[in-house]
Amino acid sequence: MIIGAQFGDEGKGKITDYLSAAANWVVRFQGGPNAGHTLVVDGRRIVLHQVPSSILRERCAAVSGPGMVISPTDMVEEIRQLGEAGILRGSLHISERAHLILPWHRMEDAWEEEMRGGQPTGTTMRGIGPTYRDRVGRWGLRMADLSRPRLLKEKLERLYATKTHIEKKGRTLASVGDVADELTAASEVLAPYIRPTEPLLWKALDRGENILLEGAQGTFLDIDFGSYPFTTSSHTVLAGAFSGSGIPPHTPEEVIGITKSYTTRVGNGPFPTELTDEIGERIREKGGEKGSTTGRARRCGWLDLVMLRYSSRINSLSSFAVTKVDVLGGEESVKVCVGYKGKDGAAIEDYPPTLAEDMALVEPIYEVRPGWPEFTQQLKEKIREEGWQAIPAELGSYLAFVSQETGTPVRLVSFGPDREDTVLLPPALPHGGRPLSEWKGGSA
Ligand code: IMP
């Protein structure tokens with residue numbers, strides 16, 4: 001189980017890719033084309049938004065699950081790109097329960113952002129919120145509807161009637177006929193992939209196969225537990241993995257929370273540790289912090305342990321995977337937020353304020369930690385060869401501090417974009433392998 005522990009973009013795609021080597025199935029359980037993952041295969045750039053990236057692995061089936069909202073036309077495009085590159089290797093299964101994002105939803109997304117005046121969410125404009133709203137309002141259309149053209153048209157007509165108010169705002173809606181034609185065309189390509197996906201996964205569980213559930217976005221974008229209303233519209237936390245896949249909520253074997261060694265956020269909303277100075281700019285540059293779906297610059301800031309403690313608890317995390325440790329390499333010192341001072345002066349350690357307005361007013365309390373060396377090619381090679389023992393002491397100390405402060409061991413560390421730039425820390429040595437007394441600096 002892979003869950004984003006922050007505001008999304010933590011590097012889940014890379015860790016999924018790394019772990020899918022041992023998986024028989026990878027399941028996306030929420031979200032839709034608001035997520036994005038760029039793959040470079042034989043020099044060809046492919047951007048996947050709705051197909052799990054495990055599709056590149058021959059023996060690993062990819063499932064776009066029931067909890068997703070899917071744009072059929074974008075899905076056709078992803079399948080076309082994969083087919084052209086000859087890498088639709090594993091099998092792809094699209095849940096017949098996944099909801100359809102229609103052109104009307106995208107239009108509503110844009111219109112609603114305008115309606116919010118000075119407080120837009122900063123959505124990806126992919127129609128995510130309006131589609132999930134139609135789902136809970138019971139107006140939505142699903143993948144299963146694509147196989148019944150007459151019923152599909154009737155449902156589209158009923159849904160269209162709920163949308164015409166937008167036309168009064170000077171926007172022209174696509175006609176029912178045009179949307180039906182678009183869906184019919186998409187359906188011809190998608191039909192072979194659409195099926196009930198829960199039974200496939202139940203049978204896989206019975207056979208003892210490995211299933212990897214891949215979350216999109218992150219804990220603090222969860223519709224209930226994130227920084228509402230600056231969130232996405234689905235459940236990004238562990239609980240959402242069950243309802244969004246149809247896998248019964250047994251305790252999963254392992255829940256890995258992905259966190260960067262710092263924090264980023266795209267879109268609006270409170271961000272206590274945000275850096276608006278040259279350090280933030282340096283992190284953005286060095287980390288290539290640009291949204292993979294919208295190309296927007298990501299806001300950057302220090303690591304926030306209040307968020308990670310909450311994340312660890314709500315997701316029942318068994319470990320953290322810390323990504324992009326190379327990006328902070330070369331900094332003389334780094335800061336970690338160990339708590340907040342709330343607006344009334346109260347100390348906050350593990351439960352961020354519920355109201356975004358209060359979250360915007362908290363003051364982060366920092367601990368300064370020694371920085372670690374630049375990740376030169378030489379250092380990378382040394383870690384690839386020798387493993388965790390070659391991690392610089394200051395970085396080990398930083399990871400130990402994160403483990404200690406969150407009560408959650410760091411088990412995986414990613415120090416570059418390539419598959420080999422990943423190192424596993426041994427379970428018995430969650431603090432990087434050196435006794436805590438030997439770490440330099442800070443309070444570790
Ligand atoms: P929506 O999901 O397009 O409705 O956007 C709602 C909020 O979630 C906005 O702040 C987006 O920037 C953010 N968001 C949505 N998807 C992602 C993602 O994959 N990574 C990071 N932020 C995201």
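Since the model is a prediction, treat every value here as computed from it, not as a measurement. Throughout, numbering of the chain's residues begins at 1 and tracks the sequence. Atoms within a ligand are numbered from 1 in the order they appear, just like the ligands themselves. The analysis underlying the following values was restricted to heavy atoms, covering all of them including side chains, and did not include hydrogens, waters or symmetry mates.
Side-chain contact between Val176 and Trp104: present, with at least one pair of heavy atoms (C-beta onward) separated by less than 4.5 Å.
The nearest heavy-atom contact from the protein to atom 2 (O) of ligand 1 is Thr232 OG1, 2.6 Å. Looking at atom 13 (C) of ligand 1, its nearest protein heavy atom turns out to be Leu221 CD1, 3.8 Å. For atom 3 (O) of ligand 1, the nearest protein heavy atom (residue, atom name, distance) is Thr124 OG1, 2.6 Å.
Distance alone, capped at 3.5 Å, places no donor-acceptor pair between the Asn210 side chain and the Asn24 backbone. With hydrogens and angles disregarded, a donor-acceptor distance shorter than 3.5 Å links the side chain of Glu167 to the backbone of Leu173. Within the 3.5 Å criterion, the main-chain N or O of Gly267 finds a donor-acceptor partner in the side chain of Arg299. Using a distance-only test at 3.5 Å, with no hydrogens or angles considered, no donor-acceptor pair links the side chain of Glu420 to the main chain of Arg384. A distance-only check finds no donor-acceptor pair linking the side chain of Ser54 to the backbone of Arg57 [under 3.5 Å].
For ligand 1, the polar-atom distance check against Val266 finds a nitrogen or oxygen pair separated by under 3.5 Å. Checked against a 3.5 angstrom limit, the closest N/O atoms of Ser233 and ligand 1 fall outside it. For the pair Arg296 and ligand 1, the shortest N or O to N or O distance falls below 3.5 Å. Checked by distance only, ligand 1 and Asp9 come closer than 3.5 Å through their nitrogen or oxygen atoms. Between Thr123 and ligand 1, no pair of N/O atoms sits closer than 3.5 Å.
For the ligand labelled ligand 1, residue Thr231 lies inside the 4.0 Å heavy-atom shell. Taking a 4.0 Å cut-off on heavy atoms, Gln217 registers as neighbouring ligand 1.
Look at Arg313 and Asp350 and you find no salt bridge, because none of the NZ, NE, NH1 or NH2 atoms lies under 4.0 Å from a carboxylate O.
Distances below 4.0 Å separate heavy atoms of Gly122 from the following atoms of ligand 1: 9 (C), 10 (O), 11 (C), 12 (O). The Gly267 neighbourhood of ligand 1 comprises atoms 10 (O), 12 (O), with distances under 4.0 Å to a heavy atom of that residue. For ligand 1 and Phe7, the ligand atoms under 4.0 Å from any heavy atom of the residue are 21 (C), 22 (N).
For the side chain to side chain donor-acceptor pair (under 3.5 Å) with Glu289, the lone residue among Arg265, Arg296, Lys260 that qualifies is Lys260.
Residues Thr293 and Thr124 have side chains that never bring a donor and an acceptor to within less than 3.5 angstrom of each other.
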